[in-house]
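A short write-up of the structure that comes next.
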Amino acid sequence: MFCKECGRNIGTMRRCPFCGYVQDGRPAIFTDEEPGSRQTFVPADAKSRTVAGFLQIFTGAIGLGRFYLGYKSLGALQIIVSMITCGIGGLIWGMVDGIRMLRGEPATDAAGTPLKP
C-alpha cells in the first residue's frame, strides 16, 4: 500500500512512518501529471473534472457542473443569473466555468476531495 499523503510504499501499516499520515482505507489512484511533480492522491471514487467541465459547458445555464461537484450555492446562483439575464448570463458563465474546470480549476470538489483528471 502507498501513503496517500507522500506516495511512499508503507506496506500494510495504517500510519505512514515517513510523514505520519493516517490512511483511511479507501482505494487510491495516484496521478503524476507533470514530470518531476509530486504524486497526488485521488480517491478511486472521486468525481471527474472532465465530466464536470462538459456538464458546465453544455448545461451551464442551470449549473449542473457545479451541482455535480457539490457546490450547491454556486449552482443555485447560476440558475438565478440565468433567469435574470434570460439565459445569456448563465450560458456565458457556464462556458467560461466549464473551460476552467477542464483546465483544472477547481482542483477539488466541495468536500475537498481531489478531482480525477
Side-chain angles (χ1 to χ4, degrees):
M1 180 167 76
F2 294 92
C3 175
K4 294 177 183 174
E5 181 66 22
C6 68
R8 294 184 179 165
N9 189 353
I10 60 170
T12 58
M13 295 191 292
R14 182 165 156 70
R15 178 181 291 273
C16 178
F18 303 104
C19 68
Y21 184 79
V22 178
Q23 314 301 311
D24 64 1
R26 294 190 302 176
I29 301 169
F30 285 92
T31 62
D32 192 12
E33 294 181 0
E34 296 177 12
S37 69
R38 192 177 128 191
Q39 288 186 332
T40 304
F41 160 72
V42 179
D45 59 348
K47 295 180 173 126
S48 169
R49 78 170 172 223
T50 306
V51 170
F54 282 116
L55 276 173
Q56 197 63 9
I57 288 171
F58 292 115
T59 61
I62 55 174
L64 283 184
R66 287 297 181 172
F67 283 117
Y68 171 73
L69 292 179
Y71 295 104
K72 295 175 184 147
S73 58
L74 275 175
L77 186 61
Q78 280 188 270
I79 292 172
I80 293 168
V81 167
S82 293
M83 288 178 6
I84 292 171
T85 62
C86 297
I88 302 299
L91 289 174
I92 293 170
W93 185 355
M95 290 292 289
V96 171
D97 214 18
I99 292 168
R100 287 183 62 226
M101 285 180 182
L102 290 173
R103 293 184 69 206
E105 299 171 25
T108 63
D109 64 6
T113 306
L115 301 176
K116 284 191 254 186

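Hydrophobic clustering, with ILVMFWY side chains joined whenever heavy atoms are under 4.5 angstrom apart, groups V81 together with I79. Cluster annotation: L77 and I84 are assigned to distinct hydrophobic clusters (Ile/Leu/Val/Met/Phe/Trp/Tyr, side-chain heavy-atom contacts under 4.5 Å, transitive). Taken together through direct or relayed side-chain contacts under 4.5 Å among Ile, Leu, Val, Met, Phe, Trp and Tyr, L102 and M95 form part of one hydrophobic cluster. There is no path of hydrophobic side-chain contacts, each under 4.5 Å, that joins I99 to L69.
Legend: residues meeting side chain to side chain donor-acceptor pair (under 3.5 Å) with D97, ordered by chain and number and at least two apart, are Q56, R66.
In this structure, the side chain of Y71 does not engage the main chain of G65 through any donor-acceptor pair within 3.5 Å. A donor-acceptor pair is defined here as one N or O able to donate and one able to accept, closer than 3.5 Å; no such pair exists between the side chain of T113 and the backbone of D109.
Taking CG from L91 and SG from C86, the interatomic distance works out to 11.0 Å, rounded to the nearest 0.5 Å. Distance CD1/I80 to CD/Q78: 11.0 Å, rounded to 0.5 Å. Rounding to the nearest 0.5 angstrom, the gap separating the CG atom in L115 from the CD atom in E105 is 12.0 Å.
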Show the numbers, then the answer: is there a side chain to side chain contact (heavy atoms under 4.5 Å, CB included) between T85 and W93? CA-CA 11 Å; T85 62; W93 185 355; over 6 Å; no
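Minimum interatomic distance between A110 and G70 (heavy atoms only, all atoms of both residues): CB-O, 3.3 Å. Y68 and S48 get closest at one heavy-atom pair: OH-N, 3.2 Å.
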Donor-acceptor pairs under 3.5 Å, side chain of residues 57-64 to any protein atom, not counting sequence neighbours: which ones?
| residue | atom | partner | partner atom | Å |
| --- | --- | --- | --- | --- |
| T59 | OG1 | L55 | O | 2.5 |

